[in-house]
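Step one of this worksheet: look at the structure below.
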Amino acid sequence: MLDIKLIRSNPEEIKRALEKRGTQANLEEFLKLDEERRNLLVEVEQLKSLRNRESEEIARRKKQGEPADDLIEKMREVSSKIKEMDDRLKEIEGKLEQLLLMIPNIPDESVPVGESDADNVELRRWGDPRKFDFEPKPHWELGEALDILDFERAAKITGSRFVVYKGAGARLERALINFMLDLHIEKHGYKEIFPPFIVNRASMMGTGQLPKFEEEAFKLYNNTDYFLIPTAEVPVTNLHMNEILEKDDLPIYYVAYSGCFRAEAGSAGRDTRGIIRQHQFNKVELVKFTEPDKSMEELEKLTKDAEEVLQLLGLPYRVVALCTGDLGFASAKTYDIEVWMPSYNRYVEISSCSNFKDYQARRANIRYRPEKGAKPQFVHTLNGSGLAVGRTTAAILENFQQADGSVVIPEVLRPYMGGMEVITAK
RNA sequence: GGAGAGAUGGCUGAGUGGUCGAAGGCGCUCGACUGGAAAUCGAGUAGACGGGGAAAAUCCCCGUCUCGCGGGUUCGAAUCCCGCUCUCUCCGCCA
């Protein structure tokens, strides 16, 4: 959510910034309502002030045993007028809130301007895509042949876009989760969080999934207002909803494993094969709360923390800066990490690292005190995948496959796999 | 799921219709005392929104709102009524 005062004082600048995203917000209506609200507020507050003063007078008279009927009668009218105006105010504020919640974040100055993912800017590459001396197979073929991924049975027990991991596949997925968590906890200083996989509406609002993207979320219908989390970002960022943190608490680094659940509405026909795009997947998520002037450098660090996972696994990747047109709704700046995927013959997103600045903090009301006794200020929030686990499994299968269809397990994972070095068909 | 109790500031805890944004205590900040510290004494110490001032602010002045959330009664609600959420205790159920 943007700062109302910023919109009020600088609507043109915000309009320009949002146009770079390819969205236009209805700022005229917003500003009109905002002005109406303030005029009404001044009026009703004057009436309330009058009521407060006269109420004291009534109290005084009653105590003295003097009659106060005339004042009471007068205040009866004032009060009913106040009620009318308060109702109108509430209506306006509701509309303002709705408009405000639909306005995306402003891109940072450093974000390249562009319309689509074609305009994203590659920043760096690590590792070289492997040259195969045989025809490499896509991970779904490898997985089925090794009997570690089972799409048919997943479709039977649930539906499309679900998968069953079996045997060494299940263990590989679990090994990756533990490896990633351990790396971020032990080496990068994150604190582990194991959050609920179900959140309420306020949390979904706080991080920006709602109200605009409700059709993307899985909603629980027996519990009127619960959602399956699309990412651990939601429960973990909202951990500090409505809190005022101390300066000494910052920065906060959290890492959380969670299942993630996405309706994937509108992506029919995209990545239908394999485990790249599923309704349920595993992810290890990095979340940071920082002081405003530190968030940009913290984004760089967070991205590096995620990159290190790929480096240790030996998977080639590149990092791109998302352009303004490709930026997520709540993000001010995003780096995508893309892993080399032989079956796609291109780099595929495996992590998205974003600085939301104060956008989420304002929605979720997460503040801190810059100094003892100072006024609270909104923190900056950041998050990034560290990494998407299912896609990492897919990348390992494809990049480390051998001519006979077996897959070499990266060395760093072997301790998590009971020493297993190669996954072979039984 | 059933029965009961409760939700007040950073914490604790008083307050059953008016002078209560809220006693007392703890904590914290500043000052005094001290060679320094402790103890002691004094002062201060919630947030949001809006108006005015100022070049501007997280500054100054004024007003309004907030005692879990929402509604109601009343001239006036932390206090009375209704609904909801959460916490605790007991019972039931359950991994």
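Residue numbers start from 1 in every chain, and the chains themselves are labelled A, B, ... in the order their sequence lines are given, proteins ahead of strands.
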* Which value, in whole Å, describes the distance between the C1' atoms of nucleotides B:A23 and B:U79? -> 16 Å

* **Assigned partner base of B:U34, Watson-Crick or wobble definition, under 3.5 Å** => none

* To do: Report the base-pairing partner of B:C65 (Watson-Crick or G-U wobble, both distances below 3.5 angstrom), or none.
  => B:G47

* Go ahead and name the base partner of B:A57; Watson-Crick or wobble counts if both distances stay under 3.5 Å, otherwise write none. => none

* Would you say the ring centroid of A:H279 lies under 6.0 angstrom from that of A:F218? -> yes

* Asked: Are the aromatic rings of A:H240 and A:Y254 close, with centres under 6.0 Å apart?
  -> yes

* Structure fact -> In whole angstroms, the gap separating P of B:C59 from NZ of A:K375 amounts to 6 Å

* Structure fact -> If pairing means Watson-Crick or G-U wobble with both distances under 3.5 Å, then the partner of B:C90 is B:G2

* To do: Could you tell me the separation between the CG atom of A:D3 and the C1' atom of B:U58, rounded to a whole number of Å?
  => 12 Å

* With both distances under 3.5 angstrom, what nucleotide forms a Watson-Crick or G-U wobble pair with B:U73? -> none

* Are any of A:R60's side-chain N or O atoms less than 4.0 Å away from OP1 or OP2 of B:G18? -> no

* Specify the residue among A:R76 and A:K48 whose closest nucleotide of RNA chain B lies further upstream toward the 5′ end. => A:K48

* So what's B:A7 paired with, Watson-Crick or G-U wobble, going by both distances under 3.5 Å? -> B:U85

* Structure fact -> Whichever of A:Q377 and A:M75 has the more 5' nearest nucleotide on RNA chain B, that residue is A:Q377

* **Any A:N52 side-chain nitrogen or oxygen under 4.0 Å from OP1 or OP2 of B:G63** => no

* To do: Examine A:K219 relative to A:Y221 and say whether NZ or CZ is less than 6.0 Å from the centre of the six-membered ring and inside a 45° cone about the ring axis.
  => yes

* **Sidechain-backbone polar pair: A:S406 side chain, A:T424 backbone, donor-acceptor under 3.5 Å** => no

* To do: Quick one: label A:R369 by what it contacts on the DNA or RNA (base, sugar-phosphate, nothing), any heavy atom closer than 4.0 Å.
  => sugar-phosphate

